[in-house]
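Below: one structure, written as structure tokens.
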Number of protein chains: 2
Amino acid sequence: MHYTRDNMATLLRGHDINPTHQRIEIAHALFSRQEHLSADQVMAIVNTRHSETSKATVYNTLKLFLDKGLVREVIVDPSKVFYDPNTLPHHHLYEVDTGKLSDIDAMHVRISGLPDLPDGMVTEGIDLIVRVRRAA
Amino acid sequence: MHYTRDNMATLLRGHDINPTHQRIEIAHALFSRQEHLSADQVMAIVNTRHSETSKATVYNTLKLFLDKGLVREVIVDPSKVFYDPNTLPHHHLYEVDTGKLSDIDAMHVRISGLPDLPDGMVTEGIDLIVRVRRAA
DNA sequence: TCCCCGATCTGGACTTTGTCTAATTCCCGG
DNA sequence: CCGGGAATTAGACAAAGTCCAGATCGGGGA
Ligand SMILES: [Mn+2]
Ligand SMILES: [Mn+2]
Ligand SMILES: [Zn+2]
Ligand SMILES: [Zn+2]
């Protein structure tokens with residue numbers, strides 16, 4: 001499956017999102033790269049040739065994608081949020097010097113011994129972040 | 001052991017921090033409460049009676065405490081950093097609706113199956129965040 | 001085809017969190 | 001009681017994100 005713009009439109013419809021020009025471009029930026037991107041980076045990618053999509057639309061669209069479950073948020077850097085086209089359960093490796101963020105498959109990772117949740121609470125997600133840096 | 005201001009001074013000296021008036025107040029805010037506080041909250045606490053400590057000093061001091069290993073940073077909310085007086089290994093439970101953040105003792109939690117680190121990298125820390133919300 | 005109208009997009013003002021700097025104040029050691 | 005390095009400060013600045021009122025888009029019906 002190639003990440004053509006037509007396929008992006010289908011993907012959006014499948015998530016109950018009306019596929020507009022801007023939304024298709026933003027989805028294409030994320031899915032064709034399969035990378036973690038900040039709003040800023042999405043903005044830059046989508047407006048490389050000439051300015052086409054406003055800041056407001058980039059932020060609104062990323063929030064829409066998030067609500068519809070098309071992307072996931074990764075909170076790892078206090079200064080910006082990353083958006084992740086990979087919504088399968090997985091964890092993250094964060095290189096603190098470079099800011100590089102990569103996926104860790106959740107398949108083989110086991111987390112045990114967590115306490116019971118407070119009553120009437122449900123888990124929305126478990127984020128595991130391994131922070132690494134160059135050996136001194 | 002009570003969290004008196006005198007004890008705060010001793011604590012600071014033990015971490016190679018010159019105990020000034022402002023630093024003692026900020027340490028006292030964090031340690032007497034044993035809670036996760038944002039810079040803003042620290043600022044408010046320290047300046048309740050009348051303004052005593054500037055914004056610049058609050059930020060500078062929290063960063064100093066962080067560098068000296070007196071507190072830890074917790075990154076769970078995209079809009080602000082929390083400072084944690086508990087530097088023992090532990091994880092966090094985050095209630096997404098309320099913003100309430102609480103500790104999970106790392107003692108009984110086991111994480112296994114993490115992949116080997118890239119060469120020349122060392123782990124700086126492993127953050128585990130359980131995001132929960134009120135059952136629908 | 002043409003028009004209509006709800007959905008979408010937009011510029012730009014605004015807010016919040018955090019950083020920076022040059023000037024002042026503090027306080028310890030002599 | 002100085003002198004001077006360390007610490008603090010006000011306020012300007014920056015970056016990420018939000019918000020709003022007005023402009024534009026575009027697809028279905030006449
Ligand atoms: Mn999906
Ligand atoms: Mn910020
Ligand atoms: Zn990821
Ligand atoms: Zn904690």
Side-chain angles (χ1 to χ4, degrees), chain A residues 5-6 8-10 12-13 15-29 36-47 49-68 70-71 73-84 96 99 101, chain B residues 5 8-9 12-13 15-29 36-47 49-68 70-71 73-84 96 99 101:
Chain A
R5 275 151 178 92
D6 274 5
M8 288 302 98
T10 307
L12 294 179
R13 278 191 211 93
H15 284 257
D16 253 318
I17 299 168
N18 193 14
T20 66
H21 281 324
Q22 289 89 340
R23 288 169 183 175
I24 287 170
E25 285 308 311
I26 291 171
H28 187 257
H36 307 86
L37 299 178
S38 65
D40 231 34
Q41 291 175 305
V42 169
M43 179 90 169
I45 291 168
V46 153
N47 290 329
R49 301 186 155 277
H50 44 84
S51 185
E52 294 168 327
T53 303
S54 72
K55 185 171 66 149
T57 296
V58 169
Y59 277 98
N60 290 341
T61 300
L62 290 171
K63 190 165 294 170
L64 178 69
F65 286 5
L66 188 65
D67 289 346
K68 298 294 189 177
L70 187 62
V71 301
E73 240 179 3
V74 184
I75 299 165
V76 94
D77 179 320
S79 74
K80 65 184 83 161
V81 171
F82 288 100
Y83 292 88
D84 190 343
V96 294
L101 186 58
Chain B
R5 276 151 179 91
M8 289 302 99
L12 293 179
R13 277 190 212 95
H15 284 259
D16 253 319
I17 298 169
N18 194 11
T20 66
H21 202 47
Q22 289 88 341
R23 288 169 182 175
I24 287 170
E25 286 307 312
I26 291 171
H28 186 257
H36 307 87
L37 300 178
S38 65
D40 229 35
Q41 292 175 304
V42 169
M43 179 89 170
I45 291 168
V46 155
N47 290 328
R49 301 186 155 278
H50 45 83
S51 186
E52 293 168 326
T53 304
S54 73
K55 185 171 64 150
T57 295
V58 169
Y59 277 99
N60 289 342
T61 300
L62 290 171
K63 190 166 292 169
L64 178 70
F65 286 4
L66 188 65
D67 289 347
K68 297 295 189 176
L70 188 62
V71 302
E73 239 178 5
V74 184
I75 299 166
V76 283
D77 180 319
S79 74
K80 64 184 80 161
V81 171
F82 287 99
Y83 292 88
D84 190 342
V96 294
L101 185 59

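Quick caveat, the model's predicted, so the values are computed rather than measured. Naming: A, B, ... by sequence-line order, numbering from 1 per chain.
Taking CD of A:Gln22 as the start and OG1 of A:Thr57 as the end, the distance is 6.0 Å to the nearest 0.5 Å. Within the model, atoms CG of B:Leu64 and CD1 of B:Ile26 stand 9.5 Å from one another, a figure rounded to the nearest 0.5 Å.
Protein atom CG of B:Asp40 is 8 Å distant from nucleotide atom P of C:dG18, rounded to whole Å. Rounded to whole angstrom, the span from the NE2 atom of B:His50 across to the C1' atom of D:dT9 amounts to 17 Å. Spacing between atom CE of B:Met43 and atom P of C:dG18 amounts to 12 Å, rounded to whole angstrom units. If you take CG of B:Leu64 and C1' of D:dT8, they are 13 Å apart, rounded to a whole angstrom. The CD1 atom of B:Ile24 sits 10 Å away from the P atom of C:dC27 (whole-angstrom rounding).
At D:dT8, none of the side-chain N or O atoms of B:Thr57 fall inside 4.0 Å of OP1 or OP2 (strictly under the cut-off). Not one side-chain nitrogen or oxygen of B:Thr20 sits closer than 4.0 Å to the OP1 or OP2 atom of D:dA6. Distances shorter than 4.0 Å separate none of the side-chain N or O atoms of B:Gln22 from OP1 or OP2 on C:dC26.
Nearest nucleotide to the side chain of A:Lys80, out of D:dA16, C:dT10, D:dT8: D:dA16. Listed nucleotides C:dT10, D:dT8, D:dT9 differ in distance to B:Thr53; the shortest reach to its side chain belongs to D:dT9.
Looking at residues two or more places apart in sequence or on another chain, you find a side chain to side chain contact (heavy atoms under 4.5 Å, CB included) between A:Ser38 and A:Asp40, A:Gln41, A:Lys80, A:Phe82. Under the rule for a salt bridge (charged side-chain N to carboxylate O under 4.0 Å, His left out), the partners of A:Arg5 that lie at least two apart in sequence or sit in another chain are A:Glu25. Remark: A:Ile45 engages A:Ala29, A:Arg33, A:Leu37 in a side chain to side chain contact (heavy atoms under 4.5 Å, CB included) (not counting sequence neighbours).
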Shorter than 3.5 Å, N or O on both sides, protein versus nucleotides 18-21 of chain D: list them out with atom names.
unit_1, atom_1, unit_2, atom_2, d
D:dT18, OP1, A:Lys63, NZ, 3.3
D:dT18, OP2, A:Lys63, NZ, 3.3
D:dT18, O4, A:Lys55, NZ, 3.4

Produce the list of close N/O pairs, under 3.5 Å, pairing protein atoms with atoms of nucleotides 23-26 of chain D; give distances to one decimal.
unit_1, atom_1, unit_2, atom_2, d
D:dG26, OP1, A:His21, NE2, 3.3

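Along DNA chain D, the nucleotide closest to A:Tyr83 and the one closest to B:Arg23 are compared, and the more 5′ of them pairs with B:Arg23. Where B:Asn18 and B:Pro78 meet DNA chain D, the nucleotide closest to each residue was compared, and B:Asn18 sits on the side nearer the 5' end.
Listed for the A:Asn47 side chain is a donor-acceptor partner under 3.5 Å among the backbone atoms of A:Glu52.
For the side chain to side chain contact (heavy atoms under 4.5 Å, CB included) criterion with B:Ile17, the lone passing option out of B:Ile24, B:Thr61, B:Asp67, B:Leu12 is B:Leu12.
What you find for B:Arg23 and B:Phe65 is that their closest heavy atoms are O-CZ, 3.6 Å. Closest of all the heavy-atom pairs between B:Val81 and A:Pro78 is CG2-CB, 3.4 Å. Here the shortest heavy-atom pairing between A:Val76 and B:Ile75 reads O-CD1, 3.8 Å. The nearest pair of heavy atoms linking B:His36 to B:Val74 is CD2-CG2, 4.2 Å.
Rotation axes derived from the C1' atoms of the five outermost pairs at either end of the helix from C:dT1-D:dA30 to C:dG30-D:dC1 lie 10° apart, to the nearest 10°.
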